[in-house]
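Letters A, B, ... are given to chains in the order of the sequence lines, protein chains preceding strands, and every chain is numbered from 1.
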Amino acid sequence: MSIKSARTRVAPSPTGHMHLATARVALYDYLLAKKTGGQFILRIEDTDLKRTVPSTEQEIMDGLRWLGLEYDEGPDVGGKFGPYRQTERREIYAHHAKILMDHGHAYPCFCSRDRLEIARQEQMKRKENPHYDGTCRNLDPSEAARRITNGEAHTIRFKMPQEGVTVAHDHLRGDITTENKQLYDYVLMKSDGLPTYHLAAIVDDHEMEITHVLRGSEWLGTFPLHVNIVRAFGWDEPLWVHLSVFLKPSGKGKLSKRDTTLAMKDGYSVFIKDMNELGYTSEGVNNWIALMGWGVSKDDVMTVEQMIDRFTIDSLTPSPAAINFQKLDHFNATHIRLFTTEDLAARLKPYFTHNGLNVNDQVLLKIIPLLRERLVTLDDCLAFGAFFFQEDVTPNPEDLIAKGLDAKQSAQIAQRAYQIIAELPDLSHERCEPPLRAYVEESGLNPNQVFGILRVATTGQKVSPPLFESMEIIGKEKCLKRIKNALEILEKM
RNA sequence: GCCCCCAUCGUCUAGUGGCCCAGGACGAAGCCCUCUCAAGGCUUAAACCGGGAUUCGAAUUCCCGUGGGGGCACCA
């Protein structure tokens, strides 16, 4: 099947932290663009001056790059369809609003916010849908022009058809038919001279030659409006794809601020900026969000490159999806196991150094095979391997006592193990395991007791990577020192 | 209240009229492996929302319910 190249865009408004839903739209946009040899564009929809949080634009760009979704055009990379920030495109919107007015598809409205509010309340009292009542729709054009030249504050509204139906086509849902009387004359240009989403997005998508509009299903309500605006201009429509929303993990309701703080308490987040710090990889996150709203029948562990190969908008699903953090853990852990030793070492190093550990690169490379299949998140490396980079460990005295034994007996075991290890020419795991196992045999103890004491003594923790391999990397001298230290602790008990 | 959308295991999903007593993945349970923790292997439980209609035949088409979600701003 041959597909003509797609131009897609992700168009977030910089009003808050970049979250999962934005990332998913961006991913699908990116996949579609790359698959078809087209372009993926970042456009900043910053027309709401009151809600704009300046720092979030950078956060969005950083987030997309962290995910590996490099955009071909955007505010900081340019492109021939720029500018890519809507506040820098005012004349374009003003020009298009005028075209609409000249053709009778839009009109200036002088209604005050107060008047509108009162009208709305009366409508609600009468149990009617709160709609603009159309006061200015049929104003005499010359009077309207006079009031504008007088500098009277006004908005520009779209003249919606008042009868009949609008049929809008969504690629996943088919034709969506809406009675026009359900809609009303929406504001296109605000009194501050900036456009609303309805005008800005439609104009930009056309001007930027966007072929596929992927967006959240929260836009389904105004979808017929958008289609009417496109048709008023006489333009071709893009292919519309309304994605499902993300639901809370419980499946009850859409993800809210409250769920966000709840997630953080459990070590999870819905914000892209937090993912790295929490130890999640872009591979894990991409894989996770990709499959909420996109179904593959098998082999669901994929890199973005592999997704490009398999992605089609036809296989997107329209139903809402509850997010499931356990699945994020699974994908993250699976991708970690797929990384090469060198790659994983490079990714793990910052987590060690940011915790004040002095990382020896040779040692780091050696511990990777030991850590790899134990990590769910990258920062788990601290829990499993910090002791490799510490001079001393401080075991919990209680933990040094083996199950079923007392402190004295445990000390004897540690003492004997010390001797065995001290007599070895080196501490390779091949060399140290047999004599220690032989000792377990002849002593009548079970392996857990002996190796448990050694584990706690040499690593300082009850759970660690495999003991003999770990001891080899720690080194004979340091191991002996640590066992001696454990011995002293035991003797004092 | 009104409008729109959605509906397969707990969750994400495959399934486009017979290949389905419904497949995969996460999670759960059990067993194996085992120096801890993992990883890995094997196994088990677990779903077509309800009712009509079309058809020789429906998870798949249509209608009606029900449930869930979204929207109803000079916000996006």
Side-chain angles (χ1 to χ4, degrees), chain A residues 11-16 45-48 50-51 109 111-113 116-117 120 124 127-132 153-157 170 172-173 176-179 181-184 186-192 194-198 200-201 215-224 242 244-245 247 249-254 288 291-301 315 317-331 333 337 370-376 380 383-384 433 436-437 440 446-452 454-456 459 461-468 470:
Chain A
S13 56
T15 52
E45 308 219 325
D46 55 353
T47 56
D48 186 345
K50 288 185 210 78
R51 290 203 309 150
C109 170
C111 297
S112 71
R113 287 172 203 257
L116 257 20
E117 186 51 37
R120 182 174 301 121
M124 302 224 303
K127 302 218 170 188
E128 288 170 20
N129 285 345
H131 277 173
Y132 176 61
H154 66 282
T155 61
I156 293 169
R157 286 181 186 271
D170 174 85
L172 299 180
R173 299 155 214 268
I176 296 170
T177 304
T178 311
E179 288 182 88
K181 66 181 181 201
Q182 296 300 336
L183 276 352
Y184 62 99
Y186 286 79
V187 170
L188 257 25
M189 291 290 277
K190 299 182 276 186
S191 53
D192 65 2
L194 282 162
T196 58
Y197 172 89
H198 310 304
R215 39 143 58 162
S217 67
E218 64 268 23
W219 293 113
L220 238 24
T222 42
F223 185 25
H242 291 88
S244 61
V245 290
L247 269 26
S250 65
K252 302 270 176 204
K254 123 172 150 169
W288 181 48
L291 293 178
M292 287 189 284
W294 173 30
V296 296
S297 52
K298 58 178 177 119
D299 299 331
D300 62 357
V301 174
S315 51
T317 54
S319 41
I323 65 167
N324 180 347
F325 290 112
Q326 288 175 318
K327 207 134 184 172
L328 169 60
D329 282 339
H330 165 254
F331 282 122
R337 273 177 252 132
L370 266 38
L371 297 185
R372 182 184 276 121
E373 64 231 28
R374 275 164 255 268
L375 305 177
V376 172
D380 284 343
F384 278 107
E433 185 166 354
L436 285 168
R437 283 206 183 273
V440 168
N446 69 48
N448 282 338
Q449 293 173 311
V450 176
F451 300 154
L454 273 179
R455 180 188 317 283
V456 176
T459 70
Q461 49 200 55
K462 285 164 81 173
V463 173
S464 82
L467 178 64
F468 305 109
S470 295

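The closest side-chain heavy-atom distance from A/Gln182 to A/Pro224 is not below 4.5 Å.
A donor-acceptor contact shorter than 3.5 Å links the side chain of A/Gln461 to the backbone of A/Ala383. Checking side-chain atoms of A/Trp288 against main-chain N and O of A/Asn324 turns up a donor-acceptor pair under 3.5 Å. Proximity of a side-chain donor or acceptor of A/Thr196 to a complementary backbone N or O of A/Met189 within less than 3.5 Å is not detected.
Across all strands shown, B/U36 has no partner, as no Watson-Crick or G-U wobble contact with both distances under 3.5 Å is found. Judged by Watson-Crick or G-U wobble contacts below 3.5 Å, the nucleotide B/A59 has no partner. Pair assignment for B/C42: B/G30, on the basis of Watson-Crick or G-U wobble contacts that are both within less than 3.5 Å. Searching all strands for a Watson-Crick or G-U wobble partner of B/C21 with both distances below 3.5 Å returns nothing. Under the Watson-Crick or G-U wobble criterion, with both distances below 3.5 Å, B/C2 is paired with B/G71.
Among the protein residues, A/Leu467 comes within range of the nucleic acid bases, having at least one heavy atom under 4.0 Å from a base atom. At the heavy-atom level, A/Pro465 lies under 4.0 Å from base atoms of the strands shown. Here A/Gly293 lies in heavy-atom contact (under 4.0 Å) with sugar-phosphate atoms only. Within the 4.0 angstrom heavy-atom criterion, only backbone atoms of the sugar-phosphate kind lie near A/Lys252; the bases stay farther away. Counting non-hydrogen atoms under 4.0 angstrom, A/Thr155 reaches a base of the nucleic acid. Residue-level contact check: A/Thr47 touches the backbone only, with heavy atoms under 4.0 Å from sugar-phosphate atoms and none from bases. A/Pro14 comes within 4.0 angstrom of nothing in the nucleic acid, heavy atoms only. Nucleic acid contact for A/Arg455: base, since at least one base atom lies under 4.0 Å from a heavy atom of the residue.
A gap of 31 Å separates the P atoms of B/A14 and B/C56, to the nearest Å. Nucleotides B/A39 and B/G30 place their P atoms 15 Å apart, quoted to the nearest Å.
Between A/Tyr197 and A/Trp219, the ring planes lie parallel to each other; the angle is under 30°, not in the 30° to 60° tilted range.
For RNA chain B, the outermost nucleotides in 5' to 3' order that have an atom under 4.0 Å from a heavy atom of chain A are B/G1 to B/A76.
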